[in-house]
Amino acid sequence: MGETFHTFRNWARNQSATPAEVRAPSCAEEVSRAVRDAVAAGRRVRMTGTGHSFSPVALTDGLLLRPDALTGIRAAGDGWVTAEAGTTIGALNRELHRMGLALANMGDIDAQTVAGAVQTGTHGTGRDVGGMADQVLALEMVLADGEIVTVRGDGEGRIRGVAERDLFDAARVSLGALGVVTAVTFRVEPAFLLHSVRRPMTLTAILGALDTLVTGNEHLDFFWMPHTDACLIKRNNRSPGPPRPPGALKHWFDNQFMENTLFGALCGVGGRHPGTIPRLNALSAAMLSTSAYIDASYRIFTSVREVRFLEMEYAISREHLGRALHEIRDLLERRDWKISFPVEVRVTPASDAWLSTAYGRDSAYLACHVYRPTPNPAYFEGVEEIMTRLGGRPHWGKLHTRDASYLAGVYPRFEDFLVVRDALDPGRAFANDHLDTVLG
Ligand SMILES: Cc1cc2nc3c(=O)[nH]c(=O)nc-3n(C[C@H](O)[C@H](O)[C@H](O)COP(=O)(O)OP(=O)(O)OC[C@H]3O[C@@H](n4cnc5c(N)ncnc54)[C@H](O)[C@@H]3O)c2cc1C
């Protein structure tokens with residue numbers, strides 16, 4: 001078990017901490033020993049993923065457990081696979097593909113660990129299949145006293161007095177507050193192809209056809225360029241094939257050059273000369289083009305993101321999506337902000353994980369981004385006011401200003417979650433300052 005001392009920094013470089021101790025356990029038993037050692041020394045414990053959360057959710061001044069040595073596929077069977085907690089989604093995707101299997105849905109990058117993604121309710125877009133936590137069948141966890149337990153969705157036991165099924169619904173999205181996850185069992189299916197069609201469309205046209213677009217596509221995602229009426233709309237639907245992947249040059253042009261190199265350069269110019277942003281956005285909008293591919297699902301779902309940004313994302317009831325978009329568009333027209341990053345819109349079906357942002361309701365997600373060197377707190381604050389007025393739930397891994405009193409009002413099972421937390425971690429071995437704010 002590696003033992004080092006250093007500063008932890010997240011991907012966006014807006015959060016950092018210097019833990020008292022860092023370890024990189026390679027199995028559940030090593031995690032168990034680390035947790036027992038930390039509790040005996042009076043230290044709090046966090047396991048991190050790859051640091052892709054924008055919020056301070058992963059920070060600790062106590063013992064930080066790194067994911068690097070806890071990786072790989074541990075076991076697989078009929079329709080399921082168990083991955084070590086620190087396995088990245090990308091590594092899992094590639095291994096599943098080799099086995100002729102795939103996850104049914106995921107977010108739009110693959111750099112996160114499976115445990116980190118599940119714990120914060122990471123999601124992609126889907127009419128029928130929800131986020132990462134909705135594809136989990138079981139979790140292996142180390143509790144505060146070092147015991148290693150497996151919690152199954154169909155389990156009938158009790159753990160620390162909590163019915164296993166309740167614990168399963170509480171633990172899938174739990175921000176590391178109930179224990180250290182050491183392995184995740186996912187439901188998987190035979191590998192499949194997606195037909196991905198991307199094309200420019202106006203926000204006005206999208207708003208006019210919102211319901212049809214959502215119900216008519218398995219995976220609908222669109223990006224609206226502020227200060228314009230332009231959107232790039234992505235529709236991904238299953239295809240019998242044959243595969244028609246983008247050529248290497250086209251793939252590089254769309255994914256590397258347009259979405260990273262050129263976009264990064266435009267953000268840099270906009271950051272130095274904010275007055276040019278509306279014209280730069282109009283230029284980007286004019287360069288949007290139509291493309292269509294058929295490729296392995298995981299290659300269509302995920303992209304590379306090299307331009308560093310800060311993000312806030314809220315989930316609202318799907319029926320409020322049109323109103324929220326109208327209000328955000330009006331807000332940007334009224335205020336003098338210059339926003340270079342697109343607003344992203346996705347949907348998911350209702351989830352049964354108690355702290356999933358989609359718990360109990362078909363959901364729509366609106367994500368606001370700003371270029372990392374030029375944050376704009378007033379923009380986030382303005383959008384957050386709209387989203388909270390609509391009963392929105394902030395993504396647990398992204399920036400927001402909500403505390404436990406607000407969150408208790410928008411999560412029907414929030415109090416039940418706190419009861420489970422008291423049963424599993426009465427001494428708050430897995431707390432940090434951020435959890436004190438959002439969970440109380
Ligand atoms: C470029 C970029 C793109 C993104 N795209 C999406 C997207 O498409 N959809 C979306 O929903 N989100 C997205 N996110 C957010 C991201 O998916 C989440 O913040 C996710 O939690 C990050 O995973 P991670 O492995 O980096 O975990 P970290 O950020 O390191 O940790 C997240 C939380 O999980 C806990 N945790 C990690 N491992 C364990 C463990 N083994 N046991 C217990 N707790 C653990 C940590 O303590 C922390 O509370 C994106 C973020 C970035 C930077």
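Numbers for residues simply follow the sequence, beginning at 1. The structure presented is a predicted model; accordingly, all values stated were derived computationally and were not measured. Ligands are counted one by one from 1 in listed order, and the atoms in each one are counted from 1 as well.
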Q) Any side-chain donor-acceptor pair under 3.5 Å between D134 and S351? A) yes

Q. Less than 4.0 Å between a side-chain N and a carboxylate O, is that true for E311 and R372?
A. no

Q: Please work out whether the ring planes of H52 and W11 are parallel, tilted or perpendicular, with thresholds of 30° and 60°.
A: parallel

Q) What orientation do H123 and H395 show, parallel under 30°, tilted 30 to 60°, or perpendicular over 60°? A) tilted

Q) When D352 is tested against each of R165, R172, R413 for side chain to side chain donor-acceptor pair (under 3.5 Å), which residue passes? A) R172

Q | Per-ligand residue contacts, ligand 1, heavy-atom threshold under 4.0 Å | A | W11, R46, M47, T48, G49, T50, G51, H52, S53, F54, V57, A58, A85, G107, D108, I109, Q112, T113, A115, G116, A117, Q119, T120, T122, H123, L175, G176, G179, V180, V181, R305, F309, R346, H395, G397, K398

Q: Taking side-chain contact (heavy atoms from CB on, under 4.5 Å) as the test, write out the residues that go with P200, two or more places apart.
A: L288, T290

